[in-house]
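Side chains are part of it too, since the values below use all heavy atoms of this structure and drop only hydrogens, waters and symmetry mates. Chain letters run A, B, ... following the sequence lines, proteins first, then strands; residues in each count from 1.
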Amino acid sequence: MKNIALGQYYPAESPIHRLDARMKVILAILYIVCTFLCKNVLCFAALACSSILLILISRIPLRTVLRAIRPIIFIMLFTAVINLFFTKGEVLLFSWWKLQIYREGIYSAVFMVVRIIVLILGTSLFLTYTTTPIALTDAIESLLSPLRIFHAPIHEFAMMMTIALRFIPTLSEETSKIMNAQKARGVDFSEGGLIRRAKSLVPILIPLFVSSFRRADELATAMECRCYRGGKGRTKMTIPRLHVRDFVALFLMVAFGAGIVLLNRYGYGYTM
Amino acid sequence: MAELALENITYVYGERTPFEIKALDDVSLTVREGSVTGIIGHTGSGKSTLVQLLNGLERPTSGRVLLDGKDIWEKPKEIKKIRFRVGLVMQYPEYQLFEETIRADIAFGPKNMGLSEEEINHRVKEATEFVGLDPILLDKSPFDLSGGQKRRAAIAGVMAMRPEILVLDEPAAGLDPRGRDIILKGIRDYGKKTGSTVIIVSHSMEDMATYCDDIIVMSHGKVYLSGTRDEVFAHAGKLTEVGLDVPQITRLALLLEERGIPLPHGIYTVDAALDALRSLFR
């Protein structure tokens, strides 16, 4: 439990790190749209190349990047298998009992896997790896601010996110402290059946809840002491500004999307 | 009774990451059986890490923790037994109370040991007496108690397991002077009456001087000084080098001595100083 990194932000000097967080949110959304525009081999090849290019530009070590994919390997395999066996097509390659594999099935399985990998890589490279959680919440607040017209509590929402992020390391430290304290009194978390294990969580969860409420209460008092009155009239310490590079990045992304649309026309082979 | 010793203990946090920190560096020490031993040092000197090694909550990066000459990690599956023999009270233990009543919470440890109902009741009563907790409070919820009372209940929870070695990390932190005295006296009583070894971690020289027989001074992850109370406080100069000091009253006695007033050595409490001064005027 020691030194858990909050989120996955990887500090580095790269053109992607330098982009405005708001622009990165927009770029990530556009990139997701691009992955869904892809229809044929050429497009998916271009998409895969773009992801590799993004990794290179972001200067994040490949091993760190691949860590983002690890949790979804199962979903990926599952999707691949489903697509492999259940896509009907024209060219039958393999048949055994009720299982049939068509050429189209192979294509569609590969496409889906590439799409999922690129989806995850795109969002992590634009958002979690290159943007600090605080910058990200600020960006979301700023992008959602037009909704204020409809009296949506955008500032409150962003403040809640910031506080939640801020307290993740605190609570995880607290959890390990309480766990150690109860272990010292003879609780064993790795012993016994399911029910016994669930029961052994009670001595952890109750103190954790109690201290969370205490912390929330203390924080609220501290904020009131400093005259926090919600978002109205509140200014920012750092005012984000869009630079030329942000617009260049946006232009490149739109151009990439247009390229994908064009490639869809000249595709050959299996089309999704 | 048991003897506790550390042998060339090194502990590294976040090994092979950019956040690597060496918390303990080749620490070797022996805790005298049946003594009250104080571990003192500044924040970050490695004392809290040290206590978590003593009952096997953490495993040393290298080196051995010896209980009666046997490595506690010899059979990792039986580490739970070690935790009953070496009782650990962590910092701010009042935040770990979770049962509906204080009685149930103090009984939690003994229950995990698989003791009989009768024995558990007996131990709860005994532990309550040691920490000076009013028996009326036993049937109250932990939330109805004051901070100091909760602290005493939490310490009783570990004492009720009757460990051969009782380790406490800052047991008196954040309490008022009266509360401090009650708790520290209770802890010392526990050690003397049951013959157990007691290890107290603190950064208050005053408390150490009043309640400890032996003192170990930690600095930057190493044992800086160790010995009996008199031996350690004889090195007043060495203590100031690492930002610690002898108790204020001891300092005063030393200053008086420099000015030619013949006071005996080893004055650590105001009462002792008073006695010494009185006998001078007689």
Side-chain angles (χ1 to χ4, degrees), chain A residues 1-13 59-61 63-64 67 129 167 169-192 195-219, chain B residues 11-15 17-21 23 48-49 51-52 54-58 77-100 104-115 142-143 150 154 157-161 163 166-169:
Chain A
M1 287 286 224
K2 261 130 210 149
N3 294 321
I4 63 155
L6 175 53
Q8 291 157 314
Y9 179 67
Y10 187 92
E13 275 288 315
R59 296 213 185 124
I60 292 168
R63 269 181 60 185
T64 314
R67 219 181 293 151
Y129 278 139
F167 276 95
T170 313
L171 285 181
S172 105
E173 199 180 302
E174 185 112 350
T175 313
S176 77
K177 256 191 207 161
I178 296 171
M179 273 176 83
N180 273 345
Q182 308 297 27
K183 268 194 217 162
R185 295 208 280 168
V187 177
D188 200 329
F189 300 106
S190 53
E191 206 179 59
I195 293 172
R196 236 188 109 183
R197 281 193 201 196
K199 257 187 166 173
S200 72
L201 283 180
V202 173
I204 311 293
L205 290 179
I206 292 177
L208 199 60
F209 268 112
V210 172
S211 84
S212 305
F213 281 116
R214 184 176 45 86
R215 270 181 212 288
D217 206 34
E218 280 169 6
L219 182 68
Chain B
Y11 190 88
V12 183
Y13 281 110
E15 208 178 7
T17 68
F19 311 104
E20 188 174 302
I21 298 168
S48 287
T49 311
V51 294
Q52 294 191 32
L54 298 181
N55 73 337
L57 278 178
E58 298 287 345
K77 285 200 172 146
E78 294 186 4
I79 198 71
K80 204 170 146 185
K81 283 186 190 153
I82 300 292
R83 295 194 184 133
F84 293 134
R85 294 183 63 193
V86 183
L88 172 64
V89 180
M90 312 251 292
Q91 267 180 53
Y92 299 101
E94 56 271 33
Y95 295 138
Q96 78 201 26
L97 301 176
F98 72 98
E99 288 278 11
E100 278 170 56
D105 210 282
I106 297 177
F108 182 66
K111 218 184 244 167
N112 285 332
M113 294 170 82
L115 297 174
F143 300 112
K150 273 194 254 184
V158 176
M159 276 181 185
M161 303 196 303
L166 177 64
V167 187
L168 306 105
D169 193 355

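Every side-chain contact (heavy atoms from CB on, under 4.5 Å) that A/I206 has, sequence neighbours left out, goes to A/V202, A/V210, B/F98.
Contacts between B/L97 and chain A at a heavy-atom distance below 4.5 Å involve the backbone alone (N, CA, C, O). Both the backbone and the side chain of B/Y95 come within less than 4.5 Å of a heavy atom of chain A. For B/F143, the part lying under 4.5 angstrom from a heavy atom of chain A is the side chain only. Contact annotation for B/M90: only side-chain heavy atoms (C-beta onward) come within less than 4.5 Å of a heavy atom of chain A.
Formation of a donor-acceptor pair under 3.5 Å by the A/T64 side chain with backbone atoms of A/I60 is not found in this model.
Taking the charged nitrogens against the carboxylate oxygens, B/K81 and B/E78 do have a contact shorter than 4.0 Å, which makes a salt bridge.
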Going by atom type alone, with no hydrogens or angles, which donor-acceptor pairs under 3.5 Å involve a side-chain atom of residues 181-189 of chain A and a protein atom two or more places apart or on another chain?
residue: A/Q182; atom: OE1; partner: A/R185; partner atom: NE; Å: 3.3
residue: A/Q182; atom: OE1; partner: A/R185; partner atom: NH2; Å: 3.3
residue: A/Q182; atom: NE2; partner: A/P203; partner atom: O; Å: 3.0
residue: A/Q182; atom: NE2; partner: B/Q96; partner atom: O; Å: 3.0
residue: A/R185; atom: NH1; partner: B/D105; partner atom: O; Å: 2.9
residue: A/R185; atom: NH1; partner: B/D105; partner atom: OD1; Å: 3.0
residue: A/R185; atom: NH2; partner: B/D105; partner atom: OD1; Å: 3.0
residue: A/D188; atom: OD1; partner: A/S190; partner atom: N; Å: 3.2
residue: A/D188; atom: OD1; partner: A/S190; partner atom: OG; Å: 3.1

